[in-house]
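The chains referred to below are lettered A, B, ... by the order of the sequence lines, with proteins before strands, and numbering in each begins at 1. Computed over heavy atoms, backbone and side chain alike; hydrogens, waters and symmetry mates excluded.
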Amino acid sequence: MSKLDLKVNLCGVKLENPITTASGTFSARESGAYYDINELGAVITKGVASVPWDGNPTPRIAETYGGMINAVGLQNPGIDYFIKEEIPYLKNFNTKIIVNVAGRTIEEYCSVAEKLNDTDIDMMEINISCPNVKEGGIGFGTSTDMAAKVTKGVRAVSKKPIIIKLTPNVTDITEIAKAVESEGADCVSLINTLLGMKIDVNRKRPVVCNKMGGFSGPAIKPVAVRMVYQVRKAVNIPIIGLGGIMTGEDVVEFIMAGADAVSVGTAALINPTAPVDILKELKIYMEKHGFKTIREIREAFCE
Amino acid sequence: MSKLDLKVNLCGVKLENPITTASGTFSARESGAYYDINELGAVITKGVASVPWDGNPTPRIAETYGGMINAVGLQNPGIDYFIKEEIPYLKNFNTKIIVNVAGRTIEEYCSVAEKLNDTDIDMMEINISCPNVKEGGIGFGTSTDMAAKVTKGVRAVSKKPIIIKLTPNVTDITEIAKAVESEGADCVSLINTLLGMKIDVNRKRPVVCNKMGGFSGPAIKPVAVRMVYQVRKAVNIPIIGLGGIMTGEDVVEFIMAGADAVSVGTAALINPTAPVDILKELKIYMEKHGFKTIREIREAFCE
Amino acid sequence: MSCFEAKKKVVKAKIVENTEIAKDIYKIVLRAKEVTNGAKAGQFVNVYLNNKSLLLPRPISICELEGDNITLVYGVVGQGTKELSSYTEGEEIKLSSANGNGFNLEDMDCVLSDNKDKVVLLVAGGIGVPPMLELAKTIRKKEDDEYKRNRIRLIAVIGFREEPFLQRELQNYCDKVYIATDNGSVGFHGNVVKLIEKEDIQIDYCYSCGPKVMLKALTNYCIEEKIQNKQKVIPLQVSMEERMGCGYGACVGCICKIKEKDIENNCEKIVLKKVCKDGPVFFGNEVVFDE
Amino acid sequence: MSCFEAKKKVVKAKIVENTEIAKDIYKIVLRAKEVTNGAKAGQFVNVYLNNKSLLLPRPISICELEGDNITLVYGVVGQGTKELSSYTEGEEIKLSSANGNGFNLEDMDCVLSDNKDKVVLLVAGGIGVPPMLELAKTIRKKEDDEYKRNRIRLIAVIGFREEPFLQRELQNYCDKVYIATDNGSVGFHGNVVKLIEKEDIQIDYCYSCGPKVMLKALTNYCIEEKIQNKQKVIPLQVSMEERMGCGYGACVGCICKIKEKDIENNCEKIVLKKVCKDGPVFFGNEVVFDE
Ligand SMILES: Cc1cc2nc3c(=O)[nH]c(=O)nc-3n(C[C@H](O)[C@H](O)[C@H](O)COP(=O)(O)OP(=O)(O)OC[C@H]3O[C@@H](n4cnc5c(N)ncnc54)[C@H](O)[C@@H]3O)c2cc1C
Ligand SMILES: Cc1cc2nc3c(=O)[nH]c(=O)nc-3n(C[C@H](O)[C@H](O)[C@H](O)COP(=O)(O)OP(=O)(O)OC[C@H]3O[C@@H](n4cnc5c(N)ncnc54)[C@H](O)[C@@H]3O)c2cc1C
Ligand SMILES: Cc1cc2nc3c(=O)[nH]c(=O)nc-3n(C[C@H](O)[C@H](O)[C@H](O)COP(=O)(O)O)c2cc1C
Ligand SMILES: Cc1cc2nc3c(=O)[nH]c(=O)nc-3n(C[C@H](O)[C@H](O)[C@H](O)COP(=O)(O)O)c2cc1C
Ligand code: FES
Ligand code: FES
């Protein structure tokens with residue numbers, strides 16, 4: 001595997017390879033016990049807000065056919081703690097750092113973005129698509145207008161490249177993608193979780209305490225691939241594709257659909273070493289098909 | 001299993017049990033070779049239009065993790081042939097007949113509905129949610145306004161109870177459900193397929209000829225259950241719940257979420273006898289939990 | 001309700017054998033009385049996998065029927081067939097009743113009815129070869145039973161990418177088995193149609209199964225070219241392949257365009273037939289090969 | 001890159017035994033050197049199923065460690081454990097390294113350090129019983145090795161719905177094993193806390209595992225009541241259960257509310273800890289049982 005060049009350029013940030021960790025499914029200390037974080041193209045952290053959030057009560061997790069539902073609800077220790085404790089720890093590794101940002105109001109997003117300006121991170125990902133919180137989150141992501149406003153607000157204060165993370169729970173994702181692009185988003189990532197629900201027929205109530213939750217895992221991949229494909233035709237900024245990636249060939253599917261990089265989420269909960277296993281499989285695929293760069297994969301796609 | 005009463009009342013039409021066949025996954029002659037159609041609460045036929053449609057070229061089918069994508073594209077022999085050849089055959093069975101109706105324009109839906117007025121069918125299901133055709137289909141289902149107009153048009157000409165079949169590919173399904181209820185829909189059925197895509201990484205192109213297609217099967221169940229739950233709170237007309245039902249307990253999930261009856265779709269493609277197997281499992285569940293009627297299941301749900 | 005009896009079934013079948021007979025080509029023998037009962041050459045079974053993420057049945061042609069045993073020969077081409085190849089003797093898998101129409105032997109009877117010796121050709125490529133075995137067996141048996149008067153010269157022309165398989169089994173029933181390989185490693189270097197041309201085989205009836213391009217070329221050879229040259233066309237049956245949803249006729253996933261005489265309007269029209277139900281075997285001259 | 005060495009792993013483990021030891025209760029023995037290495041009582045492993053539709057790991061407590069073998073005892077309560085019970089000797093499943101903190105024996109050492117004979121009580125209910133076995137074994141071993149001066153009286157109080165299990169195994173290490181059943185079919189008719197009260201067991205240290213309601217009642221008995229009655233509280237460790245996503249600390253799915261002293265502000269605050277990482281064992285007086 002000597003001649004492969006897996007580098008990708010995400011609006012100026014150069015990743016060694018296209019594999020990143022999906023927000024909320026990676027924890028540097030815990031994941032780092034299983035594999036070498038240095039191998040990742042970038043880490044994307046769990047969402048962080050301007051102040052600590054408790055998240056939702058338990059149960060927070062339900063299993064579904066080929067997928068799962070989570071209702072964690074953006075539990076996080078707040079940006080100040082994060083800057084003090086997490087970023088320095090992440091700086092031990094030789095990988096790019098993308099911080100996922102949560103907020104209830106545009107001001108909250110902006111205040112986190114401002115605080116991140118003076119840190120040594122590479123990009124930030126604005127989560128306007130979390131289905132597990134009442135205010136903000138998905139409320140911003142399902143409205144073209146609100147999505148545009150958040151982007152505009154954060155773009156104005158941030159010195160880092162910003163990625164807007166889109167929700168799949170919309171009629172037309174290209175509309176939202178175009179709106180955030182025109183307000184200055186440097187990149188989009190998609191998809192966040194679908195809104196799902198599971199009922200425990202023995203206990204006769206919803207499995208997760210919050211009733212509904214974010215549905216992820218291999219089950220949702222066809223929706224994610226479709227949306228990446230649609231958004232690729234609608235905008236010119238780079239795309240981080242995610243949703244159900246379990247194998248190296250899944251990564252290829254996203255790249256062919258139009259993604260510049262990808263994130264591995266639920267797969268890493270099921271198999272702690274998934275991100276690096278998937279990277280290995282991607283290399284094997286490339287060898288087998290004679291691809292030397294990620295761009296070649298994309299260009300080989302013929303509709 | 002002597003004392004169970006599985007009857008359900010769907011806007012005046014009395015089904016012996018809540019199990020119906022999802023449109024497009026049942027064919028009386030072929031399914032009838034595997035099980036006794038008389039056991040079903042109702043049959044819902046493959047969509048039929050005012051004139052014959054060829055559907056899409058092949059490949060029409062792709063397999064996904066825990067699901068499938070179809071791009072059949074509403075191939076059908078037209079309503080005249082259907083009335084002449086299919087309805088008489090279906091009348092051999094002692095079950096309710098629900099005819100699924102496809103159209104490209106409101107006029108087409110209406111012309112089919114009018115022709116069905118003088119036939120001996122029980123209800124019709126208006127498919128405003130097929131993702132596989134360019135005109136009509138999903139175009140109607142994703143717009144509150146258009147959905148309302150189709151409903152109004154068909155309601156005006158039809159002498160049969162009408163079910164409007166909703167698409168999950170929308171930001172807020174309750175809005176569409178409310179709109180069709182207010183225009184006189186007697187019932188809604190949900191969900192039709194999600195819009196999905198799969199790429200063949202070896203052949204380096206989309207698997208189905210139409211690129212995107214309708215994504216169904218157990219993988220999508222959490223989205224379907226969530227939407228039934230949401231729509232139940234939004235409208236007062238009965239709901240036929242479907243999307244990924246594979247077992248009797250899945251049926252219970254839909255009933256608890258708010259469905260009055262259910263349809264079995266992809267499961268019947270994977271296991272030809274699924275509808276009747278699922279009916280058996282439903283009865284076993286009811287016995288085990290001491291439920292005597294379908295209503296009791298619904299009422300046991302505690303949020 | 002209780003008086004209903006299923007004509008078709010999905011049954012559990014025990015694996016008697018599952019071995020690699022050529023590179024990435026496996027032979028699986030399954031014990032399944034309910035499936036073998038009434039099944040015939042050219043039909044296929046739906047194989048359901050135990051892996052819960054792969055839901056759709058895999059259609060596989062009947063390769064051989066012997067008592068309660070059914071033999072399938074399959075190539076490992078994707079996830080499902082890879083999974084299938086990992087199953088071992090004694091394990092159980094689900095299998096449908098035999099589906100589809102199978103090869104039409106009555107039509108051959110008509111052609112052969114003029115009491116002369118005839119050449120019947122079986123043409124197959126790659127994983128299209130397996131159904132030819134049960135067909136060859138059936139034709140030989142038919143000959144013994146029915147055509148005592150005239151002899152069939154049964155010839156097989158089979159093509160492979162590299163490594164041939166089932167050629168010895170076919171030799172048991174065929175008078176001659178010609179082999180072609182894409183890389184020339186065994187037999188003729190080239191495709192089966194070229195081989196037929198080269199050997200100048202005089203064909204009275206032809207059955208075939210294989211990739212669409214092969215079937216198209218063969219149809220061209222047996223029918224279109226003859227028509228052009230004002231010669232007698234060679235009756236040809238082709239077994240078609242298509243991605244399937246249900247594999248039993250419920251989903252309309254697997255259609256094939258078929259030319260049909262519209263008697264009312266005295267013209268030809270194109271109808272859509274289901275490969276799984278109306279096929280997989282069609283007459284070569286009926287099929288619209290649009291690719 | 002090459003110098004990185006994983007501290008934790010998911011490994012394939014061969015099933016040595018998988019047998020039903022009581023109605024719907026199974027004992028599975030797995031050979032997994034990399035898992036047993038360094039593992040201890042009160043930790044759990046993530047069991048991954050072969051069924052591709054059930055993706056999440058099932059957390060199961062370590063019941064016994066012996067050389068390279070790890071024993072788990074699990075109840076069949078849902079799809080996953082049902083599937084697990086169908087696996088047979090010789091098959092392989094995936095298993096994580098031992099996760100979680102395990103029981104804290106150092107704290108017990110402090111309490112026992114005053115050189116008198118002491119009563120250590122193990123309280124467990126249903127599928128909370130299994131981890132008590134390795135714990136009992138560890139305490140006995142500790143006693144032999146370290147506490148030569150003073151003797152521990154090790155008592156187990158275990159409750160079941162109907163049919164007890166592991167009682168004989170516990171008797172090998174405990175001085176006394178009390179059994180309670182909900183329906184009175186075996187032993188005391190009632191719950192474990194009632195049984196402890198009835199037997200008026202004088203407890204110096206207590207470990208427990210079982211349903212939340214039991215843990216709450218026990219915490220109440222060992223701590224809250226004593227505080228109310230101005231008696232000496234009984235030190236108590238509880239092993240908590242929660243639905244998990246990853247089972248190794250990455251998803252924040254499995255939190256538990258824990259009271260913590262806020263030293264700066266000199267007050268008590270409530271923090272959210274991960275059951276899979278910071279637990280599953282907590283001190284009874286730390287846990288906020290809100291249900
Ligand atoms: C009537 C009929 C008879 C057949 N007989 C044989 C046989 O005797 N021996 C043999 O080796 N193969 C045969 N095939 C082809 C065989 O069905 C496919 O090779 C097999 O389904 C591939 O499955 P997979 O999971 O390994 O591939 P994947 O590509 O992983 O499968 C994904 C999906 O595509 C479908 N698919 C992929 N390739 C094909 C194909 N070529 N034809 C139809 N569906 C496909 C699969 O069934 C599955 O639903 C036959 C096909 C048909 C239609
Ligand atoms: C730290 C810990 C240790 C445990 N030790 C044991 C043990 O030694 N023996 C034993 O029998 N059981 C133990 N359990 C409970 C065991 O994890 C569940 O019974 C099991 O996961 C149920 O899986 P299922 O697929 O059969 O149930 P399903 O209800 O079909 O499972 C659906 C999902 O819910 C989760 N789930 C269901 N019940 C529980 C539960 N009670 N706790 C956590 N997750 C649950 C499953 O893991 C799965 O993700 C332990 C749980 C925890 C958290
Ligand atoms: C447990 C869990 C927590 C998550 N938390 C976040 C989060 O904090 N911020 C965010 O943008 N997305 C979050 N997500 C969404 C994932 O990043 C990802 O978009 C989604 O799970 C789809 O990818 P997957 O199918 O690979 O998991 C979370 C997902 C899961 C499963
Ligand atoms: C092959 C196929 C064909 C379908 N054709 C139709 C159709 O003609 N009309 C319609 O309303 N829905 C059609 N559907 C959608 C199903 O009726 C159903 O809404 C969907 O598949 C979700 O249910 P399931 O997951 O149980 O399959 C079709 C689905 C499949 C898989
Ligand atoms: S595969 Fe369903 S009709 Fe042929
Ligand atoms: S289960 Fe994921 S953090 Fe505990």
Side-chain angles (χ1 to χ4, degrees), chain B residues 16 21 24-39 46-47 52-77 94 200 202 207-209 213 216-219 246 265-274 276-277, chain C residues 1-12 46-49 51-59 77-80 83 94-100 212 240-257 269-278 288-291:
Chain B
E16 274 302 307
T21 57
T25 63
F26 168 83
S27 175
R29 288 172 186 82
E30 280 78 12
S31 307
Y34 283 94
Y35 64 85
D36 186 356
I37 290 174
N38 294 304
E39 287 191 40
K46 171 85 193 152
W53 292 5
D54 273 356
N56 292 316
T58 60
R60 290 178 168 186
I61 305 284
E63 189 181 51
T64 71
Y65 201 110
M68 65 177 281
I69 291 172
N70 91 78
V72 168
L74 296 177
Q75 178 188 330
N76 80 88
N94 183 22
D200 183 328
N202 292 312
V207 175
V208 297
C209 185
S216 64
M246 293 282 279
T266 301
L269 306 183
I270 302 162
N271 166 21
T273 56
V276 292
D277 293 350
Chain C
M1 277 199 191
S2 49
C3 64
F4 173 82
E5 224 188 291
K7 285 192 289 291
K8 289 199 165 194
K9 271 186 183 162
V10 170
V11 299
K12 282 196 177 167
N46 284 321
V47 175
Y48 300 85
L49 302 166
N51 180 327
K52 298 272 187 238
S53 75
L54 306 174
L55 297 176
L56 299 180
R58 269 55 184 170
V77 299
Q79 268 197 296
E83 163 105 9
K94 283 198 209 151
L95 215 63
S96 73
S97 304
N99 280 327
K212 220 180 224 178
M240 301 295 291
E241 211 180 271
E242 191 48 74
R243 297 231 168 194
M244 294 188 176
C246 62
Y248 69 90
C251 77
V252 210
C254 63
I255 51 116
C256 173
K257 286 190 194 162
K269 66 177 181 188
I270 290 171
V271 296
L272 301 172
K273 298 255 183 176
K274 299 175 193 166
V275 171
C276 70
K277 179 76 199 309
D278 308 312
V288 182
F289 291 100
D290 27 26
E291 272 175 48

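At a 4.5 Å heavy-atom cutoff, B/N94 makes no contact with chain C through either its backbone or its side chain. The part of C/K277 that comes within reach of chain B is its side chain, from C-beta onward, which places non-hydrogen atoms under 4.5 angstrom from that chain. For B/T25, the part lying under 4.5 angstrom from a heavy atom of chain C is the backbone only. When heavy atoms are compared at a cutoff of 4.5 Å, B/Y65 approaches chain C by way of both its backbone and its side chain. Looking at B/D200, only its side chain comes within 4.5 Å of chain C, counting heavy atoms on both sides.
Crowding of C/K52 atom NZ: a count of heavy atoms from other residues, nucleotides or ligands under 6.0 Å not exceeding 12. Shown here is C/E83, whose CD atom has more than 12 heavy atoms of other residues, nucleotides or ligands within 6.0 Å.
Minimum heavy-atom separation, B/P272 to C/Y48: CD-OH, 4.0 Å. Closest approach of B/Y34 and C/N99 over heavy atoms only: OH-OD1, 3.9 Å. Closest of all the heavy-atom pairs between B/P59 and C/E242 is CA-OE2, 3.8 Å. For C/R243 against B/I61, the heavy-atom pair with the smallest separation is CD-O, 3.6 Å. The minimum heavy-atom distance between C/L56 and B/E63, with the atom names listed, is N-OE2, 2.8 Å.
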Enumerate donor-acceptor pairs with a distance under 3.5 Å from any side-chain N or O in residues 244-257 of chain C to protein atoms, sequence neighbours excluded.
unit_1	atom_1	unit_2	atom_2	d
C/Y248	OH	B/A268	O	2.6
C/K257	NZ	C/D290	OD2	2.8

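Atom OG1 of B/T266 is separated from atom CG of C/L55 by 8.5 Å, given to the nearest 0.5 angstrom.
If you tally non-hydrogen atom pairs under 4.5 Å between each of B/K46, B/E30, B/Q75 and chain C, the highest count goes to B/E30. Counting heavy-atom pairs closer than 4.5 Å to chain C, the top residue among B/N202, B/I270, B/D54 is B/I270. In terms of heavy-atom pairs under 4.5 Å with chain C, the best-connected choice from B/P218, B/A33, B/G66 is B/A33.
When the side-chain contact (heavy atoms from CB on, under 4.5 Å) test is applied to B/V208, the partners found at least two apart in sequence or on another chain are B/A62, B/I69, B/A71.
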